[in-house]
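To start, the structure under review is shown below, and the notes come after it.
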Amino acid sequence: MVIDGVIIGQFLGTNAIAAYGLALPMFIATNAVFGIFATGAQSLCGNCMGRGDMKSANGFFNATMIVMVALSILITAGMIFFAEPLAILLGANTSTPEMADIMQNTKGYIIGLGVGVFFQFGARILSPFMQLDNDRGKVAPAAICGSAVNITGDLLNAFVLNWGMFGMAFMSSMSFVTEFIFLSTHFLKKDKNYKINPKLAVWKGWGQVILIGLPTAVQAVCSTAKSIFMNYGLLALAGSIGVAAFSIQSNSQNVFGCVTIALGATILMLANIYEGEEDNTALKNLFKHGMTVAVAIVGAISVVLFIFAPFVAPLYTNDSEVLDMAITAIRFYAAGMILYSISLTIQNFIQGTKKIGLTIVICACCEIIYVVVAALSLSPFFGVYGYWAAFAVAQILTILTYCVIVIIRKKTLKFSLDNFLLLPKDFEADTSKKFEFTASDEEGVMMSSFGAEVLCQKNNIDAKKTNAISLCVEEMAMNVVETGIKDANKQRVDVKVLVKGDNIIIRLRDNCPAMNPIEHFKKISDEDPFAAIGIKMVMNIAKDVNYISTMKLNNLIITI
């Protein structure tokens with residue numbers, strides 16, 4: 001879509017870039033539908049993986065794929081056969097010859113996008129699962145291949161085929177086909193966690209996919225509504241020039257805002273995994289790191305964009321009137337980038353910790369409610385500048401709104417990270433019920449084993465079980481140190497032992513090369529019946545044992 005904006009602006013003219021701006025909400029709307037299921041499935045599956053339940057994760061993944069195939073067929077039919085009513089809804093009309101031309105271009109672009117909806121869905125839903133399934137290295141090459149096809153196709157359309165706006169969208173659809181095929185090669189791997197097999201689909205509890213993904217869909221719907229609102233308002237204030245300038249701003253936002261979006265997606269994914277593990281410490285560290293990145297990296301990008309806006313805008317158009325307005329629009333967007341990244345970090349974190357209703361409220365405030373309020377309040381005094389400033393003003397109001405909600409819910413003005421993140425007091429066991437340690441050498445392993453033993457003794461666990469748990473931690477962690485850790489400064493094993501009700505939960509996580517310790521110890525046991533005594537004792541009394549490799553981390557979870 002970004003590539004389309006650049007080539008359309010350079011070779012098809014102002015009316016075409018205005019039509020692109022009018023049609024862009026259609027692309028956002030399809031993502032809204034996919035967002036419900038892609039984000040919901042990713043979150044639910046990540047949560048299952050955090051609990052060590054890979055069977056349910058695979059079942060929810062396949063159920064989501066079935067639903068999305070059916071929906072993509074319906075959406076494709078709607079975009080192709082109802083392109084004109086959709087174009088009118090998005091702001092196109094035939095009131096003047098200029099607007100009639102924009103109408104035809106908008107219709108063509110909608111139809112061209114409709115052709116590739118299935119593959120757009122496929123790429124959209126598979127990308128996050130690549131990360132969960134230890135194959136995130138495919139995501140960037142897939143995007144690069146798709147972009148190469150898009151650029152080549154758009155240039156071919158501009159200079160040879162002359163299919164107009166339909167051709168531009170059709171080439172985008174072909175890029176989705178390329179990306180989807182590239183990502184699909186993941187399922188040829190032997191060591192994958194996720195498998196495409198409709199027979200594995202699990203429907204019981206699948207409704208949570210819609211519930212969890214609802215905030216993402218609301219975000220996309222609100223973003224679509226915001227684009228339509230901005231198009232109508234700018235069309236009234238500045239005609240096609242205003243719409244074209246907004247289209248350029250939106251396109252540059254897709255380029256320079258990708259770090260913010262990627263950061264938010266990562267926070268959402270990890271928050272779901274840590275929430276599934278009930279790891280309060282990891283959640284707080286995640287939020288702090290996310291905020292650091294938001295302020296530091298996004299802040300630097302915003303400064304660069306503000307300074308170089310006069311060089312960015314000409315990539316899309318040579319029309320002097322559109323150019324001047326687009327530079328201003330881009331600079332106003334740059335001024336609000338840090339605020340938006342902070343707002344989005346909060347949204348994704350609270351969504352990952354299952355505060356669905358609150359996420360929807362914050363999302364609606366950020367994406368549409370405060371944008372409309374700011375634009376309508378400022379435009380009578382500042383004209384079109386009021387619309388450009390609305391984005392940054394909306395972020396300020398959104399962040400303040402969240403702070404007010406926190407104060408009301410916690411009934412205190414005292415700031416703490418636990419209060420700000422709205423983490424429940426009983427979310428994680430108190431210090432007397434848990435033990436955590438990070439080891440990278442034999443000494444660290446022995447301290448982990450001793451700590452597990454002390455924890456069991458403090459909680460009156462019987463001597464036999466205490467000895468088994470201590471031996472289990474020692475042998476499992478020592479195996480990681482001896483066979484997996486090559487660089488003690490970069491690699492480690494995190495040990496966590498948790499007393500939860502009548503259960504003891506042992507969780508080991510390491511960032512070494514993937515290796516299933518259960519299979520490893522079975523092999524050792526077959527070779528030497530007297531090896532790994534501690535592991536055997538635990539396996540005899542364990543209620544559940546799960547190993548999952550995700551996000552380039554080995555996760556072993558044992559419930560006793």
Side-chain angles (χ1 to χ4, degrees), residues 1-29 79 83-114 154 157-158 162-172 223-255 309 312-330 332-333 375 379 383-385 387-388 390-391:
M1 300 302 293
V2 172
I3 294 167
D4 281 5
V6 173
I7 296 179
I8 289 169
Q10 287 292 333
F11 300 110
L12 299 189
T14 300
N15 285 354
I17 195 68
Y20 169 80
L22 290 176
L24 194 58
M26 196 68 241
F27 175 76
I28 299 173
M79 291 177 68
E84 184 167 338
L86 288 170
I88 293 172
L89 176 65
L90 295 170
N93 60 68
T94 56
S95 58
T96 66
E98 179 186 41
M99 287 305 302
D101 184 46
I102 291 174
M103 164 70 89
Q104 290 302 314
N105 284 329
T106 305
K107 284 171 53 181
Y109 200 78
I110 291 173
I111 293 172
L113 283 179
D154 280 359
N157 177 57
N162 296 315
W163 289 351
M165 289 293 286
F166 166 78
M168 291 299 181
F170 180 81
M171 296 306 173
S172 290
S223 184
T224 302
K226 176 182 68 178
S227 296
I228 295 173
F229 165 77
M230 293 289 285
N231 283 330
Y232 272 97
L234 291 168
L235 198 61
L237 287 173
S240 61
I241 293 173
V243 175
F246 178 61
S247 175
I248 292 171
Q249 185 219 53
S250 299
N251 215 44
S252 61
Q253 178 178 339
N254 291 334
V255 176
V312 173
L315 295 174
Y316 299 91
T317 183
N318 295 316
D319 187 309
S320 59
E321 290 185 287
V322 175
L323 197 58
D324 289 341
M325 191 173 289
I327 291 171
T328 301
I330 290 172
F332 269 98
Y333 165 70
S379 59
V384 72
Y385 295 103
Y387 275 77
W388 302 140
F391 172 75

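- Of all non-hydrogen atoms in A16 and M165, the two that sit nearest each other are O-CE, 3.5 Å.
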Derivation and outcome, side chain to side chain contact (heavy atoms under 4.5 Å, CB included), residues E84 and I110: CA-CA 9 Å; E84 184 167 338; I110 291 173; over 6 Å; no
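- Listed here is the closest heavy atom pair of N157 and W163: OD1-N, 2.8 Å.
- In summary, the aromatic rings of Y333 and F391 are positioned with their centroids under 6.0 Å apart.
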Side chain to side chain contact (heavy atoms under 4.5 Å, CB included) assessment of K107 paired with F166: CA-CA 8 Å; K107 284 171 53 181; F166 166 78; over 6 Å; no
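- Without hydrogens or angle criteria, Q249 side chain to A244 main chain gives no donor-acceptor distance under 3.5 Å.
- Side chain of Q10 to main chain of L315: a donor-acceptor pair is present (N/O by atom type, distance under 3.5 Å, no hydrogens or angles).
- Considering only heavy atoms from C-beta on, P314 comes within 4.5 Å of L323 through its side chain.
- For an aromatic pair to be called close, the ring centres must be under 6.0 Å apart, and F229 with Y387 satisfies this.
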Evaluation steps, side chain to side chain contact (heavy atoms under 4.5 Å, CB included), between D4 and F27: CA-CA 12 Å; D4 281 5; F27 175 76; over 6 Å; no
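- Considering all non-hydrogen atoms of both residues, G91 and M99 come closest at O-CE, 4.2 Å.
- One distance of note links CG of L90 with CG of N231; it measures 8.0 Å at 0.5 Å rounding.
- To the nearest 0.5 Å, atoms OG1 (T106) and CD1 (I88) are separated by 10.5 Å.
- Note that CD of Q104 and CG of N15 are 12.0 Å apart. Values are rounded to the nearest 0.5 Å.
- For I111 against M79, the heavy-atom pair with the smallest separation is CG1-O, 4.1 Å.
- Counting only heavy atoms from C-beta outward, the side chains of M168 and L12 approach each other to under 4.5 Å.
- No donor-acceptor distance shorter than 3.5 angstrom exists from the side chain of N251 to the backbone of S247, with no hydrogens or angles considered.
- Remark: the S240 side chain and the E98 side chain contain an N/O donor-acceptor pair separated by less than 3.5 Å.
- The CE atom of M171 lies 7.5 Å from the CG atom of D154; values are rounded to the nearest 0.5 Å.
- In this structure, A313 and I327 approach most closely via the heavy-atom pair CB-CG1, 3.7 Å.
- Put simply, CE on M26 and CG on L86 are 5.0 Å apart, with the number rounded to the nearest 0.5 Å.
- Aromatic ring pairs are classed by plane angle as parallel below 30°, tilted from 30° to 60° and perpendicular above 60°; the pair Y109 and Y20 is perpendicular.
- Minimum heavy-atom separation, S252 to V312: CB-CG1, 4.2 Å.
- Atom CG in L89 sits 11.0 Å away from atom CG in L22 (nearest 0.5 Å).
- T317 and D319 form no side-chain donor-acceptor contact under 3.5 Å, judged by distance and modelled atom types alone.
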